[in-house]
Amino acid sequence: MQFNNTTMIEEILINNTVAALEILYKQKVDKQLIQIQKTKKEFEGDLTIVVFPLLKFSRKNPEQTANEIGEYLKNNLDEINKFNVVKGFLNLVISDEFWLDFFLQNHKKEKYEYFEKNNGESIVIEFSSPNTNKPLHLGHIRNNLVGNSIAAILKASGKKVKKVNLVNDRGIHICKSMIAWQLWGKNQTPDITNKKGDKFVGDFYVKFEKENKKETAILIADGVDKDKAAQQTPLMEKARKMLVNWESGEKETRELWEKMNNWVYMGFDKTYDRLGIDFDKTYYESDTYLLGKEIVINGLKERILFKKDDGSVWADLTDHKLDKKLLLRPDGTSVYITQDIGTAQLRHDEYNADKLLYVVGNEQIYHFNVLKIILEKLGRKWAENIIHIAYGMVELPHGKMKSREGTVVDADDLMSEMHLTAKTTTEELGKIEGFSADEAEELFEIIGQGALKYFILKVDPKKNMLFNPVESIDFNGNTGPFIQYTYARIKSLLRKARERNITLSDNIPDNINIHPKEKQVIKNLYDFSETIQQAAENYSPAIIANYVYNLVKDYNQFYQEIPILREENPDLLNFRLKLSEFTSRVIKTSMELLGIKVPERM
RNA sequence: GGUCCAGUAGCUCAGCUGGAUAGAGCAGCAGCCUUCUAAGCUGCGGGUCACAGGUUCGAAUCCUGUCUGGAUCACCA
C-alpha cells in the first residue's frame, strides 16, 4: 500500500528550515544538518527539529535560535499551527488539516500499489535449503518465515522478487538413510506405517547413526584408532560405496534414491503448505553439484587459483587475511563452495538479478565471505551483489538444539501444539459460539500460526533468540493473537454498522475535530509507507512487526476511550468507522508481509 | 590464537545511520465489562544500558581496551 505522502511533511520542514536559516542568518546550510524526529510523547507537538547543530550558523543560544526558526515556519507554512521550545528542541504542532488531508487522500485505497517510482530492482532470494535426511525443525521455521517475509516486504517496496529454494538431495548423508532402509526397512513405506515421509526417512538416518555407533565401538575395542573408527565401519563402507554407485548413475541406486527423496518431498510439502511458504523455483543439488568445477578450472588456467602437488586446487586468500581454501579435491571432485560458485553463476545468468540474497544461518558468515572473495578474484564483478542475510540461531534454555540429545523442536509438532493451545484458549474464553466445526478449526490454526510466526518475526533476524518450550508462546500483549484480535474487533464493528444500515460515506467534512487518540492512529497510518521502505532496506520483518504492534496499541486506546457506533454526530460516526476500516486494512497488509493471516472474527 | 556477532528491567525483546527524563510485553500488585469483542484498557513498582576510558554541546547508540556468552576458521554440507 503506497500512500500519497508525496507531500512528505519532513521534506517540507527541512526545505523550509534551510530557507529560514538563509533569511534569518544569511547562511547556506546543507539539508543533511537538519535533523527531524518524532516529538516525544511527553511534549506537545508532532515533529521536532533539533537545533543544536544549527547554532554555529545562528550564533545565538539554542532557545533563541529555536524560537526564531519556529516563528518563521509558523508564519510560512500552513501545516504548522504552533510550536514550543524546550532547550534546544523545537517542537512543531502539525495542523489537523494536514493529517485529515492525508486521511482523505488515502482512506479509500483498497490494495497494494507498489512503489512504481522505485527503480524496480530485481532480486533473487534463496531460503529454506533443507536436507532430505532430516525433518524440519524450529531453526528451519525461522529461516522459512524470515525468507518468505523479506521477499514479501521487498515486493511491497517495489522490487521484482524471485523466491528460490535449493534442496540438498545428495551426498553421503542421503546414502546413510538409503542403506538403513535397505537393511532394516524393506517394504515399509510412509503410507504403510502412516508416517509423514520426511519423518519416515529421517528415522532411518537416525537408525544408521545408531547402528554405526555400535560398529564403531566394536572397532575401537579391537584397537582401531578412535578418530578413524567411525569412518571405517562396515556400514560406512556400504554408504561410501553407494555414493560411488549414485555418482556413476547406477540404475538401482538412483531409483531407490528417487523413491526415498520423493517421500521426503511429500512430507516437506505438507510442512511448507501449513507454514504458508512457497517458491518460484526449486533447485536440486543433484542437478547443480557439478557446476562450478569448470569455473575453477578456468581460474586455474588464468593462474588466479593454484594447484598443489597432490593435484588439489586452491584459492589463496591470504591477501584478504584469510586462509587458503580448497576448491577441488586431489581426485578432482568438488566441495561445497565449488558448488556454490556454480549456483551463484547460474543464478546470475538465469535472472540477471541486481541482487542475490541468501537467507542462511549466521554460522555460515565465513563461508559467504570466502565465496564472494573467490568470485571477485575470478572476475565476477557482480559478486558484490551477493548478500548473505545471516539470521541468528534459535536457542533453547539449555543451549543449542541437538538431535543427539533429543532437544530438537520439530516443526510439525510445534505447529500442532500451537493449534491446540489456540483451541484451548479460545474455548476457555468462550469465543466460538456460532462457529461451525470447520470454521473453528480454521480459526485455531490461524491463531496458533499467528502466535508462532509473530513470536519469531518480531525479533531482529540477525540476533540469536531464545525459545522456551516449557513456557508456551503467549497470546496476550505483544503477540500475534493480540493483533489478530484487534483486527477481528474492527471487523465486528463494521459488521454491526452494516446491520444498522449505516453506510460509510467518503464524504468527510474537512472541519471535523480530530481527537488526540484519533490523530495518534492517523500518524501511525502515515508512517506505513516509510516503514515498509525501512524494513526492506534492513531486510527486517521485525520492523514491520513492531510497527503493526504500535498501530494496534494506539488503535485500542482510541477504541477504548472514544465511542464509535455510539457516536451521535453522523459525520464523526462516519469518520471513526472509516478510520477503523483504514486501520484494519493496514493491519491486514502488515500481517500479510509477515505471512500471518487475520480472522474476520475471533 | 585470528575473525565475526551479541551483552539494555526478574524473563523475552524494542531503541543503536548520536539528541530530551532509556521503552514495550510477560511475570507481580491495584483498578475498569447492564453500553461498539476484557485475547482489551488504565495505574503502580522494577535500570550503574556488562565494565573502563575516549570523541562530542550531547553517548545505550560512534571509537579503543577489558570481561562474559555464542558462532566460525574442514578434502561436512
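Computation of the quantities below employed the complete heavy-atom set of this structure, encompassing side-chain atoms and omitting hydrogens, waters and symmetry-equivalent molecules. Throughout, a chain's letter reflects where its sequence line sits, starting with A, and its residues are numbered from 1.
- Counting non-hydrogen atoms under 4.0 angstrom, Ala497(A) reaches nothing in the nucleic acid.
- Counting non-hydrogen atoms under 4.0 angstrom, Leu466(A) reaches the backbone sugars and phosphates but no base.
- Counting any heavy atom pair closer than 4.0 Å across all strands shown, Leu494(A) reaches no nucleic acid atom.
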Side-chain donor-acceptor distances from residues 320-327 of chain A under 3.5 Å, at least two apart:
none

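- Considering CZ of Phe435(A) and CZ of Phe444(A), their distance stands at 8.5 Å, rounded to 0.5 Å.
- The phosphate of C36(B) has neither OP1 nor OP2 within less than 4.0 Å of any side-chain N or O from Ser492(A).
- RNA chain B is contacted by Asn546(A) of residues 538-546 of chain A, taking any non-hydrogen atom closer than 4.0 Å.
- Distance CG (Leu55(A)) to C1' (C57(B)): 8 Å, rounded to an integer number of Å.
- Comparing A22(B) with G46(B), their P atoms are spaced 13 Å from each other, to the whole Å.
- Phosphate contact (OP1/OP2 of U42(B), side-chain N/O of Gln560(A), threshold under 4.0 Å): absent.
- Separating the C1' atom of A9(B) from that of G47(B) is a span of 6 Å, rounded to the nearest Å.
- Checking U21(B) for Watson-Crick or G-U wobble geometry (two distances, each under 3.5 Å) identifies no partner in any strand.
- Distance Asn369(A) CG to G2(B) P: 18 Å, rounded to the nearest Å.
- Side chain to side chain, Thr39(A) and Asp46(A) fail the donor-acceptor criterion of an N or O pair below 3.5 Å.
- Taking the P atoms as reference points, A27(B) lies 35 Å from U68(B), given to the whole Å.
- Nucleotides G54(B) and G15(B) are separated by 29 Å at their P atoms, to the nearest Å.
- With hydrogens and angles left out, the side-chain atoms of His367(A) and Asp340(A) include a donor and acceptor closer than 3.5 Å.
- To the nearest angstrom, C1' of C13(B) lies 15 Å from CG of Asn468(A).
- Within the nucleic acid shown, Leu328(A) has no heavy atom closer than 4.0 Å to any nucleic acid atom.
- The interatomic distance linking Ile473(A) (CD1) with A27(B) (P) rounds to 15 Å, in whole Å.
- Following rounding to the nearest Å, Phe455(A) (CZ) and C13(B) (P) show an atom-to-atom distance of 7 Å.
- By the ring-ring contact (aromatic ring centres under 6.0 Å, His included) test, Tyr358(A) is found to be paired with Phe368(A), residues two or more places apart in sequence or in another chain being considered.
- Taking a pair to require two hydrogen-bonding distances under 3.5 Å in either a Watson-Crick or a G-U wobble arrangement, U3(B) pairs with A71(B).
- Glycosidic conformation, C26(B): anti, with the torsion outside 90° of 0.
- Base-pair partner of U56(B): not found among the strands shown (Watson-Crick or G-U wobble, both distances under 3.5 Å).
- Residue Leu493(A) has its side chain nearest to C36(B) when only C36(B), C16(B), C41(B) are considered.
- Rounded to whole Å, atom P of A14(B) lies 15 Å from atom CD of Gln534(A).
- Going from atom NZ of Lys463(A) over to atom C1' of C13(B) covers 8 Å, rounded to whole Å.
- Comparing the P positions of A50(B) and C13(B) gives an interatomic distance of 16 Å, to the nearest angstrom.
- The distance between the ring centers of Trp257(A) and Tyr284(A) does not fall below 6.0 angstrom.
- Straight-line distance between the P atoms of A60(B) and G19(B): roughly 10 Å, to the nearest whole Å.
- Contact check on Lys597(A) versus Glu445(A) returns no salt bridge, with no Lys/Arg side-chain nitrogen under 4.0 Å from an Asp/Glu carboxylate oxygen.
- A distance of 7.0 Å separates OH of Tyr555(A) from CG of Leu579(A), quoted to the nearest 0.5 Å.
- When the P atom of C4(B) is taken as reference, atom CD1 of Ile389(A) falls 21 Å away, rounded to whole Å.
- No hydrogens or angles were tested; on distance alone, nothing pairs the side chain of Lys321(A) with the base of U3(B) as donor and acceptor under 3.5 Å.
- In this structure, Leu594(A) CG and Leu145(A) CG are separated by 9.5 Å, a value rounded to the nearest 0.5 Å.
- If you check A39(B), C4(B), C41(B) against the side chain of Gln557(A), the one that comes closest is C41(B).
- Salt bridge Glu209(A)/Lys176(A): present, at least one basic N to carboxylate O contact under 4.0 Å.
- Pairing of C44(B), defined by two Watson-Crick or G-U wobble distances under 3.5 Å, is identified with G28(B).
- Atom P of U3(B) sits at a distance of 11 Å from the matching atom of U66(B), rounded to the whole Å.
- Using a 4.5 Å heavy-atom threshold, the side chains of Arg142(A) and Leu138(A) count as separate.
- Nearest to the side-chain atoms of Met465(A) among the listed nucleotides C41(B), A38(B), C13(B) stands C13(B).
- Ranking C4(B), A38(B), A14(B) by closeness to the Asp460(A) side chain, first place goes to A14(B).
- Between the side chains of Asn212(A) and Thr233(A), at least one donor-acceptor pair of N or O atoms lies under 3.5 Å.
- With C1' as the reference atom, G10(B) and G1(B) are 37 Å apart, rounded to whole Å.
- Interatomic distance, Thr343(A) OG1 to Asp287(A) CG, rounded to the nearest 0.5 Å: 12.0 Å.
- A salt bridge is defined here as a Lys NZ or Arg NE, NH1 or NH2 lying under 4.0 Å from an Asp or Glu carboxylate O, and Glu237(A) with Arg240(A) meets this definition.
- Under the ring-ring contact (aromatic ring centres under 6.0 Å, His included) criterion, Phe482(A) pairs with Tyr549(A), sequence neighbours left out.
- Donor-acceptor pairing under 3.5 Å, judged by distance alone, is present between the side chain of Thr426(A) and the base of A39(B).
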For this session: Between protein and nucleotides 18-26 of chain B, map the contacts as a letter string: B base, S sugar-phosphate only, - none, heavy atoms under 4.0 Å, written 5' to 3'.
Result: -BBS--SSS

Seminar exercise, completed: In 5'-to-3' order, the base (B), backbone-only (S) or no-contact (-) status of each nucleotide in nucleotides 69-77 of chain B, using a 4.0 angstrom heavy-atom cut-off, is -SSSS-BSB

